[in-house]
Trainee: 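My questions will all concern the structure given below.
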Amino acid sequence: MHKSTPVPPTIVLVHGAFTDASSWAGVISLLHAAGFTVRAPANPLRGLAQDAAYIRSVVRDIDVPVVLVGHDYGGAVITHAATDADNVVALCYVAAFGLDAGECVLDITNRFAPVPVADATFTAALPTQIPRGPESELYIRKERFPQVYAADLPTSVNDALSVAQRPIACSALTSRSGPPAWASKPSWYAIATADRILNPTAQRFMAQRMAATEHVLDGSHAVVLSQPAAVVAMIQEAAEQGTGHGDGDGLRKAF
C-alpha cells in the first residue's frame with residue numbers, strides 16, 4: 001500500500017487594528033513559496049462578536065485543517081472565533097491579544113505600563129451612523145504612526161501605512177471575549193520586543209498564560225511586515241506540529 005500524502009493545512013491570516021490584509025503580503029508570499037494555501041480575509045474591526053463570527057464563517061468553509069494566525073486585535077478575534085472550530089489545529093499569535101474569558105482588549109492594555117500609543121491615538125465619530133453600529137472609531141495620529149507602530153520600517157512605507165490605516169471601532173476594545181480557543185488548542189506566540197503598541201511584558205504574560213510556544217522577535221508591532229520570514233518560520237512550525245507532520249512532509253522551506 002502506498003502511504004497517502006498528508007494535506008497541508010490552510011493558513012488563515014487575520015490582521016489587526018490600523019491596517020488591512022495587505023499587511024500580510026510578505027508572509028503570504030513566503031507561505032505560498034513553501035507550498036501552503038493561504039486565506040487573508042478582511043477583519044471588519046467593528047466588534048469582537050461580529051468580527052469573530054465573520055472569521056468563524058471563513059474557517060468553516062475550509063474543508064482541510066486550518067492554522068489560524070492573528071496579529072494585534074486579530075489575536076482577540078481568533079481566540080473568540082476558534083473555540084468550536086474543529087478544523088483549527090493550531091493558533092498563532094503575532095504581537096497579539098490572547099484574551100481570557102470575560103476579558104477585553106483594554107483590560108490587558110490597562111494592566112501593564114503604558115506604551116507610546118496611549119497618547120498617539122484619536123477618536124473620530126463615524127460620518128454616517130449605522131443602526132446598532134459603532135458610534136466612533138480609533139486612529140493613530142499620522143505624525144506619530146512611524147514611532148508607535150512601525151519604527152523598523154522605511155519612512156516611505158510608514159507614510160503609506162499611516163494614510164491607509166483602517167480604524168477600529170472603539171466598542172471593539174471593550175467587547176468581552178468568550179471561552180478562549182487557546183485553552184484547548186496548541187498555540188504559538190511571536191513576542192515583539194520593541195513593540196510600542198502592545199507592551200512586550202503583556203505579550204509575555206499572555207503567551208505564558210496560554211502555555212504557548214514562544215518565538216522572540218526583535219522588532220516593532222509591525223513584525224508581520226518587517227520580519228515576515230521569522231513570522232513564517234513560527235507558522236510553519238505550528239502547521240507541522242499541529243497536524244503531526246513532523247519536519248514538513250513535503251512542504252519546503254522558503255526562507
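Position 1 is the first residue of the sequence, and the numbers go up from there. It should be emphasised that the depicted structure is a prediction, and the values quoted were computed from it without experimental measurement.
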Trainee: Just how far is it from atom OG1 of Thr123 to atom CG of Leu138, taken to the nearest 0.5 Å?
Mentor: 5.0 Å
Trainee: Taking only residues two or more places apart in sequence or in another chain, which ones pass salt bridge (charged side-chain N to carboxylate O under 4.0 Å, His left out) with Arg141?
Mentor: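 Here no residue qualifies.
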Trainee: Whether the side chain of Trp182 engages the backbone of Asp100 through a donor-acceptor N/O pair (distance < 3.5 Å, no angle test) should be reported.
Mentor: no
Trainee: Take Ile78 and Val88 through the side chain to side chain contact (heavy atoms under 4.5 Å, CB included) test and state the conclusion after the steps.
Mentor: CA-CA 10 Å; Ile78 69 171; Val88 174; over 6 Å; no
Trainee: Side-chain atoms of residues 57-65: list all donor-acceptor pairs with protein atoms under 3.5 Å, sequence neighbours left out, distances to 0.1 Å.
Mentor:
residue	atom	partner	partner atom	Å
Ser57	OG	Tyr54	O	2.5
Arg60	NH2	Asp84	OD2	3.2

Trainee: Looking at side-chain heavy atoms only, is the closest gap between Leu45 and Pro167 below 4.5 Å?
Mentor: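 A side-chain contact under 4.5 Å is absent here.
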Trainee: Using every non-hydrogen atom in the two residues, find where Arg144 and Asp119 come nearest and quote the distance to one decimal.
Mentor: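 Of all heavy-atom pairs spanning Arg144 and Asp119, the closest is NH2-OD1, 3.4 Å.
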Trainee: Rounded to the nearest 0.5 Å, how far does CG of Asp218 lie from OG1 of Thr193?
Mentor: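 One gets 4.0 Å once the value is rounded to the nearest 0.5 Å.
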Trainee: Does anything in residues 152-162 form a side-chain hydrogen bond (donor to acceptor under 3.5 Å, both in side chains)? List the pairs, not counting sequence neighbours.
Mentor: Asp152-Ser220, Asp152-Ser226
Trainee: Tell me whether Arg56 contacts the main-chain N or O of Ala81 through its side chain, where contact means a donor paired with an acceptor under 3.5 Å.
Mentor: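 Yes; at least one donor-acceptor contact below 3.5 Å.
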Trainee: When you measure from the side chain of Asp195 to the backbone of Ile197, do you find a donor-acceptor pair of N or O atoms at a distance under 3.5 Å?
Mentor: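 Confirmed, Asp195 side chain pairs with Ile197 backbone.
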Trainee: For Ala202 and Phe112, which heavy atoms make the closest approach, and how far apart are they?
Mentor: CB-CD1, 3.5 Å
Trainee: Is there a chain of hydrophobic side chains (I, L, V, M, F, W, Y, each step under 4.5 Å between heavy atoms) that links Leu106 to Ile108?
Mentor: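 Looking at the clustering, Ile108 is in the same group as Leu106.
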Trainee: Show the nearest heavy-atom pair for residues Gly98 and Met206, with the distance to one decimal.
Mentor: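 Residues Gly98 and Met206, closest heavy atoms: N-SD, 3.3 Å.
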Trainee: Got a sec, which residues hit ring-ring contact (aromatic ring centres under 6.0 Å, His included) with His71, two or more places apart in sequence or on another chain?
Mentor: His221
Trainee: Are Tyr139 and Val115 co-members of a hydrophobic cluster defined by side-chain heavy atoms under 4.5 Å apart?
Mentor: no
Trainee: Of all residues at least two apart in sequence or in a different chain, which pass the ring-ring contact (aromatic ring centres under 6.0 Å, His included) check with Tyr73?
Mentor: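 Once residues adjacent in sequence are excluded, Tyr73 has no partner under the ring-ring contact (aromatic ring centres under 6.0 Å, His included) criterion.
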Trainee: I'd like to know whether Thr79 forms a side chain to side chain contact (heavy atoms under 4.5 Å, CB included) with Tyr93, so could you lay out the CA-CA distance, the side-chain angles of the two residues, the decisive distance to 0.1 Å, and finally the verdict.
Mentor: CA-CA 9 Å; Thr79 297; Tyr93 295 83; 2.7 Å; yes
Trainee: Before you tell me yes or no, could you show the steps for Leu99 and His80 under side chain to side chain contact (heavy atoms under 4.5 Å, CB included), namely the whole-Å CA-CA distance, both residues' side-chain angles and the distance that decides it to 0.1 Å?
Mentor: CA-CA 8 Å; Leu99 302 180; His80 194 62; over 6 Å; no
Trainee: Kindly indicate whether the side chain of Val77, heavy atoms from C-beta on, has any atom under 4.5 Å from the side chain of Leu48.
Mentor: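 A side-chain contact exists here, since the closest heavy-atom pair is under 4.5 Å.
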Trainee: If we check side-chain contact (heavy atoms from CB on, under 4.5 Å) with Pro228, which of these qualifies: Leu30, Val223, Leu31?
Mentor: Leu30
Trainee: What I'd like to find out is whether the side chain of Val216 reaches to under 4.5 Å of the side chain of Gln203, using heavy atoms alone.
Mentor: no
Trainee: Given side chains that start at C-beta, do those of Thr83 and Ser184 come closer than 4.5 Å, heavy atoms only?
Mentor: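 No; the side chains remain at least 4.5 Å from each other.
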Trainee: Given side chains that start at C-beta, do those of His32 and Val38 come closer than 4.5 Å, heavy atoms only?
Mentor: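 Side-chain contact under 4.5 Å: yes.
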Trainee: Do Val69 and Trp24 come within less than 4.5 Å of each other through their side chains, counting heavy atoms only?
Mentor: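 A side-chain contact under 4.5 Å exists here.
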Trainee: Is there a side-chain contact between Met234 and Val94 in this structure, where contact means two heavy atoms from C-beta onward sitting under 4.5 Å apart?
Mentor: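 In contact.
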Trainee: Could you go through Thr19 and Val224, starting from their C-alpha distance and side-chain angles, then the distance that decides it, and tell me whether this counts as side chain to side chain contact (heavy atoms under 4.5 Å, CB included)?
Mentor: CA-CA 11 Å; Thr19 188; Val224 296; over 6 Å; no
Trainee: Measuring from atom CG of Asn43 to atom NE2 of His15, what distance do you get when rounded to the nearest 0.5 angstrom?
Mentor: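 That separation rounds to 5.0 Å.
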Trainee: On a heavy-atom basis, which atom in Pro41 and which in Leu13 lie closest, and how many Å separate them?
Mentor: CD-O, 3.4 Å
Trainee: Which heavy-atom pair separates Gly70 from Ala96 by the least distance, and what is that distance?
Mentor: O-CB, 3.3 Å
Trainee: Determine which pairs satisfy side-chain hydrogen bond (donor to acceptor under 3.5 Å, both in side chains) with at least one residue from residues 102-112, sequence neighbours left out, and list them in order.
Mentor: Glu103-Arg209, Asp107-Arg176
Trainee: Would a hydrophobic clustering, with Ile, Leu, Val, Met, Phe, Trp and Tyr connected at side-chain separations under 4.5 Å, put Tyr149 with Phe122?
Mentor: no
Trainee: Does the side chain of Tyr189 come within less than 4.5 Å of Leu91's, by heavy atoms?
Mentor: no
Trainee: Any chance you could measure Ser22, atom OG, to Ile28, atom CD1, to the nearest 0.5 Å?
Mentor: 9.0 Å
Trainee: Tell me the closest heavy-atom pair linking Gln165 and Phe18, and the distance in Å.
Mentor: CB-O, 3.1 Å
